[in-house]
Protein chains: 2
Amino acid sequence: MTAGATGPTRVLVVDDEPQIVRALRINLSARGYQVLTAHDGTSALKAAAEAKPDVVVLDLGLPDLDGADVIAGLRGWSTVPILVLSARVDSSDKVAALDAGADDYVTKPFGMDELLARLRAAVRRSSSAADGEQAVVETSSFVVDLAAKKVWRDDGEVHLTPTEWGVLEVLVRSRGRLVSQRQLLQDVWGPKYATESHYLRVYLAQLRRKLEPEPSRPRHLVTEPGMGYRFEL
Amino acid sequence: MTAGATGPTRVLVVDDEPQIVRALRINLSARGYQVLTAHDGTSALKAAAEAKPDVVVLDLGLPDLDGADVIAGLRGWSTVPILVLSARVDSSDKVAALDAGADDYVTKPFGMDELLARLRAAVRRSSSAADGEQAVVETSSFVVDLAAKKVWRDDGEVHLTPTEWGVLEVLVRSRGRLVSQRQLLQDVWGPKYATESHYLRVYLAQLRRKLEPEPSRPRHLVTEPGMGYRFEL
DNA sequence: GGTGGCCGTCAAGAGTCCGTAAGGCCGGTC
DNA sequence: GACCGGCCTTACGGACTCTTGACGGCCACC
């Protein structure tokens, strides 16, 4: 549940050893991450500023800048999670990096499984922290705030019942995509109700009456006959 | 979930080896942390619910519960940083713990310097995430000072009982957003009370009587039937 | 042209949830 | 030992919501 903008998680990999970069790129891409790379501290700072990655994997042994300087350079304007990679096992190096603002420290050689798990942990933390900020979806006739659980129309706030919310939330969360009746029923009413498609007719009608400008000709809560329902902006 | 502002950082140390507990207690206390301890998973969950520590140091080799269960038990209601301590170096253990919701993983034997640095990093993250909150919140009919734990109305200071304050604090901290009954109960009474929703009816009524101009027609402490409660400015 | 499936609409009873008030229990204080 | 404040529990009336059934329109297929 990354904040606001959907899409793949962007990882900036900073290392001057091509083998490491290559191994990380392969493993991360295979798991659906979008991978950006930099080979020295200067270009890393530049890339971070331009691409705004969701997490940074940073090797400390860079040719141009000291590792602590790179961390400081990032921390000056960003709270992006930084996962430090280093060949140095000395604890004073770890302490220095962590106190400079790194989020985690992994020593080379590292297990790819462990690195990926630590990466997941770092991303999970930062996304849940930023949660509740950008959960607002806007259409031409109404506005949905998923975090606050509120809906507005031009003429003011609209009150929804819990079940109405359940249905709307599932649809809005997969905006644009088709949601099957079965899926919708299971998410809102539970697995036992997967075939009670009558419920959907009742509640979709209710939502349209409250939200659509012309309830009989819905533009945002659309029926796909025989398949399911779709929320369109 | 980090407690307001003041006071020393509270660390909950969970380990069944007295030597480790003792070493951590000495080192942490010397650096100004307030140390709580538990020697098994059950009492750890209980202590966490009651004392609301700012960070948890958790050994995985506990006598009663599996480490993953302890993590899951905490993550069910809290986002407190969890730093796992373990003798197992196998990477699958690390992956399991991190994916269960742990924030960091340190293998025994560990360097105290490194552990402290990782602890600082974990605390720094969670406190900066909770940062940017205003300590004083003002509505049209009363004023709440979260740091001082005080409330005023036009006609002077209002005395709240500890439980009343707990409820109000959770609601004010997520102002505007809906707080589910479950969330509210878990934050104020602890995870075991997640279904005792009649507590909320009683205490919300009490708060309204003390704070709302028209207790029977609340404007700031609003009920969303079937879903939860919401604090509005 | 008929028929059956699928969807939308409406209405009513059953059931759930909420607000309110009052009483008992416990621990602290004088 | 009596008092008191705070917390938990219980009961009840009322409002709202969910569920359910019936009916009509639309379309595709026979």
Side-chain angles (χ1 to χ4, degrees), chain A residues 149 151 157-171 178-182 184-190 192-230, chain B residues 49-50 149 151 157-171 178-190 192-231:
Chain A
K149 283 197 172 27
V151 190
E157 193 177 331
V158 182
H159 176 78
L160 298 184
T161 71
T163 309
E164 287 165 5
W165 248 111
V167 175
L168 183 65
E169 186 170 4
V170 172
L171 288 174
L178 174 74
V179 182
S180 72
Q181 309 196 21
R182 187 178 205 81
L184 206 40
L185 285 162
Q186 284 184 349
D187 283 5
V188 178
W189 279 269
K192 289 182 180 175
Y193 295 77
T195 59
E196 304 282 344
S197 56
H198 184 96
Y199 290 6
L200 294 179
R201 289 202 282 282
V202 174
Y203 278 94
L204 264 295
Q206 226 145 327
L207 282 171
R208 284 166 181 154
R209 206 178 313 137
K210 291 186 175 182
L211 300 178
E212 292 275 5
E214 291 181 276
S216 58
R217 207 169 295 121
R219 280 163 51 189
H220 305 109
L221 300 168
V222 186
T223 302
E224 299 281 356
M227 311 188 54
Y229 294 87
R230 179 201 309 279
Chain B
E50 285 170 3
K149 290 194 191 293
V151 188
E157 189 177 336
V158 181
H159 172 75
L160 297 184
T161 71
T163 309
E164 286 166 4
W165 176 259
V167 174
L168 183 65
E169 183 173 10
V170 173
L171 287 174
L178 176 75
V179 183
S180 72
Q181 314 194 33
R182 187 178 205 81
Q183 183 72 43
L184 205 40
L185 286 162
Q186 286 182 347
D187 282 5
V188 178
W189 279 271
K192 287 183 179 172
Y193 295 78
T195 60
E196 306 284 339
S197 57
H198 50 278
Y199 290 10
L200 295 177
R201 291 205 285 281
V202 174
Y203 279 93
L204 263 295
Q206 232 146 347
L207 282 171
R208 283 168 182 152
R209 210 176 309 140
K210 290 186 176 182
L211 300 178
E212 291 275 4
E214 291 180 277
S216 59
R217 208 169 295 120
R219 280 165 52 190
H220 305 107
L221 300 168
V222 185
T223 301
E224 298 282 356
M227 305 204 282
Y229 294 87
R230 181 202 308 280
F231 169 74

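Residue numbering restarts at 1 for every chain, and letters A, B, ... go by the order of the sequence lines. Reckoned from all heavy atoms, side chains included, excluding hydrogens, waters and symmetry mates.
Between A:His159 and the phosphate of D:dT17, there is a side-chain N or O to OP1/OP2 separation shorter than 4.0 Å. When the side-chain nitrogen and oxygen atoms of B:Tyr203 are compared with OP1 and OP2 of D:dC8, one or more of them lie within a distance under 4.0 Å. OP1 and OP2 of C:dG19 both lie 4.0 Å or more from every side-chain N or O belonging to B:Arg201. OP1 or OP2 of D:dC18 lies within a sub-4.0 Å distance of a side-chain N or O belonging to A:Thr163.
Rounded to 10 degrees, the angle separating the terminal axes of the helix from C:dG1-D:dC30 to C:dC30-D:dG1 is 20°, with each axis obtained from five end pairs.
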Under 3.5 Å, which protein N or O atoms sit close to an N or O of nucleotides 24-30 of chain C? Give each pair with its distance.
none

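Within 4.0 Å (heavy atoms only), B:Tyr229 reaches sugar-phosphate atoms of the nucleic acid but no base atom. Across all strands, A:Gln181 comes closer than 4.0 Å only to sugar-phosphate atoms, never to a base (heavy-atom distances). No contact: B:Trp165 has no heavy atom under 4.0 Å from any strand. Contacts of A:Ser197 with the nucleic acid, taken as non-hydrogen atoms under 4.0 Å apart, are absent.
When the P atom of C:dC18 is taken as reference, atom CG of B:Leu204 falls 10 Å away, rounded to whole Å.
Ion pairing of B:Lys210 with B:Glu164 is present here, as a side-chain N (NZ or NE/NH1/NH2) and a carboxylate O approach within less than 4.0 Å.
Candidate nucleotides C:dC18, D:dT17, D:dC7 were compared by shortest atom distance to the side chain of B:Thr223, and C:dC18 ranks first.
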